[in-house]
K.L.:
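The structure that follows is given in the form of structure tokens.
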Amino acid sequence: MEPPPENPSCTVSEDTESGDVKSVNVSCSTSKVYPKARCRFLREQDGGNSVEITTNPVYSHTETGETPVYHRSQCSVTVPVQELGEGTHSFTGYIYPGVTGDPAKVTGTRADKTVTLSFSQASHSCLSQAVQGYFLEESTTCICSLSSHGHPRGTAQWYQRDQSLGSSRTLVVTRDRSNPEQKYTCEAVSDLGRRVGSTLTAKFAYAPEVTFTLDPAQTKFSKGDNLELKCSGQGNPDPTLTLTTKEIIENLTNVQKTELTHTLTLDCMDTGVYVCSGENSQGTNRMEISIGVRCPQQLSLLFNSKPQVDAALGETAKFGLEIYGFPEPITLTLQKTDVGTNLYPRLCHSVEYTAGVAPFGVVNVTISDVVEADYTNYTLTVDNGVGNALIYTFYLNKVNRSVAWVESIARKEDSLNVVAIAIGVIAVVTNGALIIAVIFLLKKNRGLKERLGSQCKDTLATTSPQDVEPLSVYQDLESDHLTSGDLGSCRTYTNVPDQKGENLRSPATNYANVDMPSAKGNSQNKMFTNQAYEIIEIR
């Protein structure tokens, strides 16, 4: 049996490159062994179980010059740090005579030191800080750096989807609306491997972009058709999508996702403008689509039908007919019922359509400078080419001037109300139910009369601004009625002595310009100091 090796010893050294450890070298030697020595190496990590190093050792042998021939033998093994991994490593070497079975007959020699390997720590920072998780600019620059050094030290690098973005520590991230969330990792990289230090989720905020479509893709429909409205949007943060009608804040549907749909079975009241809007912290965007549902013109559900229109001789009779339908009227006809000939278009008769909020509108009828022959029944025909035309009859009723004057003012108020009602009426069909939202902008006649009475009292002792001609200069500019320019707003008067102003239906009596061969327009009465003013009582 051969003697064991004399004076065995093991040492550990680190192999470095550019100042960073790349591998660990374990070397064992003996001063005298016969025959040439063999070696075996084991390692332990963090005090755990021993693991044999499988790398083949490198040997060197030198003869001692004795007989028999003894050798000074040395063996070494190199282990990459990546194979060792993070932790504290210790090593043991076995050097023995190169005969079978000898490793079991020698005691292992512990290496002279341990080696501790660790990852560096990496983290990132961005030049423009995210606000509530979102970047507001078109791009941002972020730096990945080592916040603490390990062994080996390594470098800081950016990775995306497990792919290195190069050795640069600087990353410029640009807004990409097709990829609203871009993820990157800032990692410490060395011969030990990769260690994620921080994760950058680049979310860029931008206002919604919306798309609004109809199925079927058309804008003109018939009553009873089915229509699907599809509203979609993309934004960051995710937008809240809302589908509404334009004229009133009446949500058809509202949801926070990328798409919403709504289905309608169309009725006449569904004509109008529909709005798809998307809203987030960066703003609001919207698209509008106008649709029309073909329906004949009909009286508005809110129209207070009064088939009698009051007017005095020489006055102008006006009223408005509230209707709805689609398309707008193409033919408007006004006839005297007993005659049957068209009165419109004529100088003293006009019929005009004023569009309100679709599908509503107002037909305005005007009969100017009323004469006796105008007091009769009328037929108004409104036709939009769909179904049966709307036929409405009314009667022009004769009243005295004072009553007609007050009622004409009221009719002006009503004509405004007609437009207000037409604008304020919106019909929205939601889930098969008819919802009618009405905005009433009506002014009561009583309040109107009170204001007029007050104005009359204030002007009791004043003269009409136009009444500045000498005594008895009154011009009847038209053959069958008074010139309205000669009348003050709250009084009747005459400058003919001993005659009362209420006799206005006889222009030859109060306003005949008998002594004046030429017309001078509006009258003057500066020299007349005994005017007979009469206040119209408002009841």
Side-chain angles (χ1 to χ4, degrees), residues 207-235 238-280 284-303 322-331 353-362 382-390 421-439:
E209 297 175 344
V210 298
T211 303
F212 193 16
T213 59
L214 303 180
D215 185 17
Q218 61 192 58
T219 57
K220 302 296 184 292
F221 301 91
S222 298
K223 183 178 179 180
D225 287 350
N226 290 324
L227 173 64
E228 182 182 72
L229 302 96
K230 183 177 292 185
C231 174
S232 57
Q234 186 181 61
D238 288 338
T240 296
L241 299 178
T242 305
L243 185 58
T244 66
T245 57
K246 182 178 181 179
E247 293 79 12
I248 60 172
I249 307 303
E250 179 68 28
N251 288 358
L252 297 180
T253 186
N254 179 294
V255 69
Q256 186 170 6
K257 61 179 183 180
T258 58
E259 184 177 283
L260 62 85
T261 59
H262 187 74
T263 301
L264 293 172
T265 299
L266 295 171
D267 195 87
C268 298
M269 295 293 189
D270 291 320
T271 292
V273 180
Y274 292 80
V275 181
C276 164
S277 62
E279 181 179 7
N280 64 10
T284 302
N285 216 331
R286 53 188 277 157
M287 285 186 67
E288 299 179 358
I289 296 180
S290 298
I291 70 168
V293 182
R294 287 181 286 269
C295 287
Q297 294 292 343
Q298 307 167 61
L299 283 177
S300 168
L301 300 176
L302 299 177
F303 180 61
E322 304 159 40
I323 62 174
Y324 70 95
F326 180 84
E328 294 181 358
I330 56 177
T331 303
Y353 177 77
T354 301
V357 174
F360 295 92
V362 179
V382 182
D383 191 1
N384 66 353
V386 180
N388 296 325
L390 170 63
I421 292 173
I423 292 175
V425 178
I426 308 298
V428 180
V429 178
T430 307
N431 298 326
L434 178 66
I435 301 174
I436 301 180
V438 184
I439 303 172

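In this text, all values refer to a predicted model and were calculated from it rather than measured experimentally.
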K.L.:
Taking all heavy atoms of Glu259 and all of Leu241, pick out the closest pair and write down the distance.
P.N.:
N-CD1, 3.6 Å
K.L.:
Looking only at non-hydrogen atoms, find the nearest pair between Val386 and Pro296 and report the distance.
P.N.:
O-CB, 2.9 Å
K.L.:
Tell me, do Thr213 and Thr211 make a side-chain contact under 4.5 Å, heavy atoms counted?
P.N.:
yes
K.L.:
Taking the side chain as everything from C-beta on, heavy atoms only, tell me whether Lys223 gets closer than 4.5 Å to Cys268.
P.N.:
yes
K.L.:
Check whether any side-chain heavy atom of Ile323 sits under 4.5 Å from a side-chain heavy atom of Pro329, and report yes or no.
P.N.:
yes
K.L.:
Ignoring hydrogens, what is the shortest heavy-atom contact between Leu243 and Phe212? Give both atom names and the distance.
P.N.:
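Where Leu243 meets Phe212 most closely, the heavy atoms are CD1-CZ, 3.5 Å.
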K.L.:
Among pairs that include at least one residue of residues 285-295, which meet side-chain hydrogen bond (donor to acceptor under 3.5 Å, both in side chains), considering only residues two or more places apart or in two chains?
P.N.:
Ser222-Arg294, Lys246-Glu288, Arg286-Glu288
K.L.:
Kindly compute the distance separating OG1 (Thr263) from NZ (Lys230), expressed to the nearest 0.5 Å.
P.N.:
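Answer rounded to 0.5 Å: 10.0 Å.
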K.L.:
Should Ile291 and Ile289 count as side-chain neighbours, where that means a heavy-atom distance under 4.5 Å?
P.N.:
yes
K.L.:
What I'd like to find out is whether the side chain of Leu214 reaches to under 4.5 Å of the side chain of Leu227, using heavy atoms alone.
P.N.:
yes
K.L.:
Quick one: does Asn384's side chain have a donor or acceptor within less than 3.5 Å of a partner on Cys295's backbone?
P.N.:
yes
K.L.:
Kindly indicate whether the side chain of Leu264, heavy atoms from C-beta on, has any atom under 4.5 Å from the side chain of Leu229.
P.N.:
yes
K.L.:
Hey, what do you get for SG (Cys231) to CE (Met287), rounding to the nearest 0.5 Å?
P.N.:
9.5 Å
K.L.:
Flag the pair Thr242 / Ser277 as yes when at least one side-chain heavy-atom distance between them is below 4.5 Å, and no otherwise.
P.N.:
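Yes, side chains in contact.
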K.L.:
For Pro359, is there any backbone N or O sitting under 3.5 Å from a side-chain donor or acceptor partner on Thr271?
P.N.:
no
K.L.:
What closest approach, in Å, do Ser232 and Cys276 show between heavy atoms, and which atom pair accounts for it?
P.N.:
N-SG, 4.1 Å
K.L.:
Are any of the side-chain heavy atoms of Tyr274 and Thr244 separated by less than 4.5 Å?
P.N.:
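Of all side-chain heavy-atom pairs linking Thr244 with Tyr274, none is under 4.5 Å.
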K.L.:
Rounded to the nearest 0.5 Å, how far does CG of Asn388 lie from CD of Gln298?
P.N.:
10.5 Å
K.L.:
Working note: Gln297 + Tyr324, criterion side chain to side chain donor-acceptor pair (under 3.5 Å); need CA distance, chi angles, decisive distance, verdict.
P.N.:
CA-CA 5 Å; Gln297 294 292 343; Tyr324 70 95; over 6 Å; no
K.L.:
Look at the side chain of Glu328 and the backbone N and O of Tyr353, then say whether any donor-acceptor pair between them is shorter than 3.5 Å.
P.N.:
no
K.L.:
So Asn226 and Leu266, side chain to side chain contact (heavy atoms under 4.5 Å, CB included) or not? Walk me through it.
P.N.:
CA-CA 6 Å; Asn226 290 324; Leu266 295 171; over 6 Å; no
K.L.:
Roughly how far, to the nearest 0.5 Å, is CZ of Phe360 from CZ of Phe326?
P.N.:
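Nearest 0.5 Å value for the CZ-CZ distance: 14.0 Å.
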